[in-house]
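Source: prediction; values computed, not measured. The chains referred to below are lettered A, B, ... by the order of the sequence lines, with proteins before strands, and numbering in each begins at 1.
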Protein chains: 2
Amino acid sequence: MQIATWNVNSIRTRKEQVLAWLNEHPVDVLCLQETKVIDRDFPRTPFESLGYSVYVSGQKSYNGVAIFSKQPLDSFHCGFTPVLGEEIVGNYDEQKRVISGVIDQVRIVNVYIPNGSSVGSEKYDYKMGWFEILNQYLEKLLTEREICLCGDFNVAPDDRDIYDPTGKDNHIMASPQERSAIEAIKKLGFQDAFRKLNHEGGQYSWWDYRTRAFSKNRGWRIDHHFLTEGLYEKVSNCWIDIIPRQQEKPSDHTPVIVEF
Amino acid sequence: MQIATWNVNSIRTRKEQVLAWLNEHPVDVLCLQETKVIDRDFPRTPFESLGYSVYVSGQKSYNGVAIFSKQPLDSFHCGFTPVLGEEIVGNYDEQKRVISGVIDQVRIVNVYIPNGSSVGSEKYDYKMGWFEILNQYLEKLLTEREICLCGDFNVAPDDRDIYDPTGKDNHIMASPQERSAIEAIKKLGFQDAFRKLNHEGGQYSWWDYRTRAFSKNRGWRIDHHFLTEGLYEKVSNCWIDIIPRQQEKPSDHTPVIVEF
DNA sequence: GTCGAAGGGG
DNA sequence: CCCCTTCGAC
């Protein structure tokens, strides 16, 4: 089974590129982030024509997640609330950042973790609060079955995951507190699929548009698959496909694919 | 000599299509309207690389005209003021709608005539006032040499030039007053090059984006070449190329070419 | 429908 | 740098 994750930065703008990529890489599951479209306007049909079942949870302008799956998903839900209840979740489901379903007794959890703006900002606090809810949500789901938790985490787990880590310890996506949140996920029993087979740095999944970072390969590895032990041990490959980032009008992220 | 006119609805957005068209149709002169860009930001270089001299008169967001010419232009000017003086022109040169130069003893006058919004509106009055100044401007230039007056006139000269003329006599681009303004130009000695060789209706140069008018061929012929007698008698062909209007992300207008 | 602008976001 | 929205224009 191949499961890919890709922050597409607007599915309507990236539709043709995603279709072309799926034709070349007919993965079993594709998890999308930043679809930026309400469910009614999601361009489902072309992906359904490719043989995918399409599951979406979107909002206007911002955020939004989706799962394309060759097999229909079981036990599908959106947001934290169906698992944790409104009491615990509060308003953390207002932004559409979580979508999940089960395929072959594996629960896929597709997340778009808040960016956090800058360390210490209000949005940073929201990010950290979001991680706490995510932790509780995962704890509940772990009682059921194996989990593939993937998506855009907006965190580079360690210094190998940044083109130049010097002076980045107070930088968003690299602060100790954000990395602790990743460690907490690992403590639950999740392991970084990419790091099973790739031990070197220098492989990235996101390059900032603003500084023309891609042409200088000033990237970050912030898109991940975190797997429970039963899946992790079966991982045969995990790689980043930078080709889509080289196209005309690309997303700032590029797909990451795990195979097990 | 071939002279084309094309309202491109933003030269920056249409750059590649105009380049592709010029490669297929290496006309001697291309007159553009609605370039929608200040002169500093006009993408001159790709057209110069094709062998054209580039003359521009643009403004931010709206209007804007340009001439591409295989031979450099003589006696080049922009607006009415160089010919009529500020006294007569008033503020009619604030909007960039006129550009002119001489090639092979022929004066090219490229115009983007105001749309006029709706009959009786303030913008309609501006359009009619603009026609009056144009008339005076042409009278002056007629003392010099033959003239090719071309561009987007925003007027369908007669009922053959509208897909369905019924009930259009109070419609913008078809009102008696606008058609009188075209008649006044003819009275100065100009003749509609397209009508020398095409007597039937049903050939259009503009189709509204809004109503998907192109797919239903609900068009208007509002882009013209008006020629003085010495040129008109030499006209060997005049045709509308609808291919560019069939492309992806087209302008709402398509090129019209005269040959003499 | 499509354009450019302006403003918010990353 | 690129996306989205809202706006006026045609």
Nucleotide D:dC10, atom P - distance to CD of B:Glu178 in whole Å: 13 Å
Atom CG of A:Asn7 and atom C1' of C:dG10: how far apart are they, to the nearest Å? 10 Å
Check this for me: B:Asp208, atom CG, are more than 12 non-hydrogen atoms of other residues, nucleotides or ligands nearer than 6.0 Å? yes
Can you tell me how far P of D:dC4 sits from CG of A:Asn9, to the nearest Å? 7 Å
Could you measure the distance from the CD atom of A:Gln246 to the CG atom of A:Asp241? Nearest 0.5 Å is fine. 8.5 Å
Interatomic distance where NZ belongs to B:Lys249 and C1' belongs to C:dC3 [whole Å]: 9 Å
Using atom CZ of A:Arg14 as one end and atom C1' of D:dC1 as the other, report the distance to the nearest whole Å. 12 Å
A:Asp252 CG to D:dC3 C1', in whole Å, measures 9 Å
Pairs under 3.5 angstrom, nitrogen or oxygen only, protein versus nucleotides 7-9 of chain C, please.
none

Residues from residues 161-174 of chain A lying under 4.0 Å of DNA chain D - heavy atoms: none
Taking the side chain of A:Asn115 as heavy atoms from C-beta outward, which of D:dC2, C:dA6, C:dG10 is closest to it? C:dG10
Test item: B:Glu34 side-chain N/O and B:Asn9 main-chain N/O as donor-acceptor pair under 3.5 Å: no
Does D:dC4 have its OP1 or OP2 closer than 4.0 Å to a side-chain nitrogen or oxygen of A:Thr13? yes
note: B:Lys15, atom NZ; C:dG4, atom P; distance rounded to Å ~ 13 Å
Are A:Asp39 and A:Lys96 within salt-bridge range, i.e. N to O under 4.0 Å? no
Return the CZ to CD distance between B:Arg245 and B:Gln17, rounded to the nearest 0.5 Å. 10.5 Å
Over how many whole Å does the gap from A:Glu34 atom CD to C:dG10 atom C1' extend? 7 Å
Looking at NZ of A:Lys168 and CG of A:Asp159, how far apart are the two atoms once the value is rounded to the nearest 0.5 Å? 10.0 Å
With DNA chain D as reference, determine whether A:Arg210 or B:Asn63 sits nearer its 5' end, using the nearest nucleotide of each. A:Arg210
Taking the minimum atom-to-atom distance to the side chain of B:Arg12, which one of D:dC1, C:dA5, C:dT2 wins? C:dA5
Short side-chain N/O contact from A:Ser10 to OP1 or OP2 of D:dC4, under 4.0 Å: yes
How about CD on B:Glu48, more than 12 heavy atoms from neighbouring residues, nucleotides or ligands closer than 6.0 Å, or not? yes
Closer than 4.0 angstrom, basic N to acidic O: yes or no for B:Lys216 and B:Asp164? no
Quick test of your reading of the model: are A:Arg221 and A:Asp192 salt-bridged, counting only N-O distances below 4.0 Å? yes
Below 4.0 Å: OP1/OP2 of C:dG1 and any side-chain N or O of B:Thr211: no
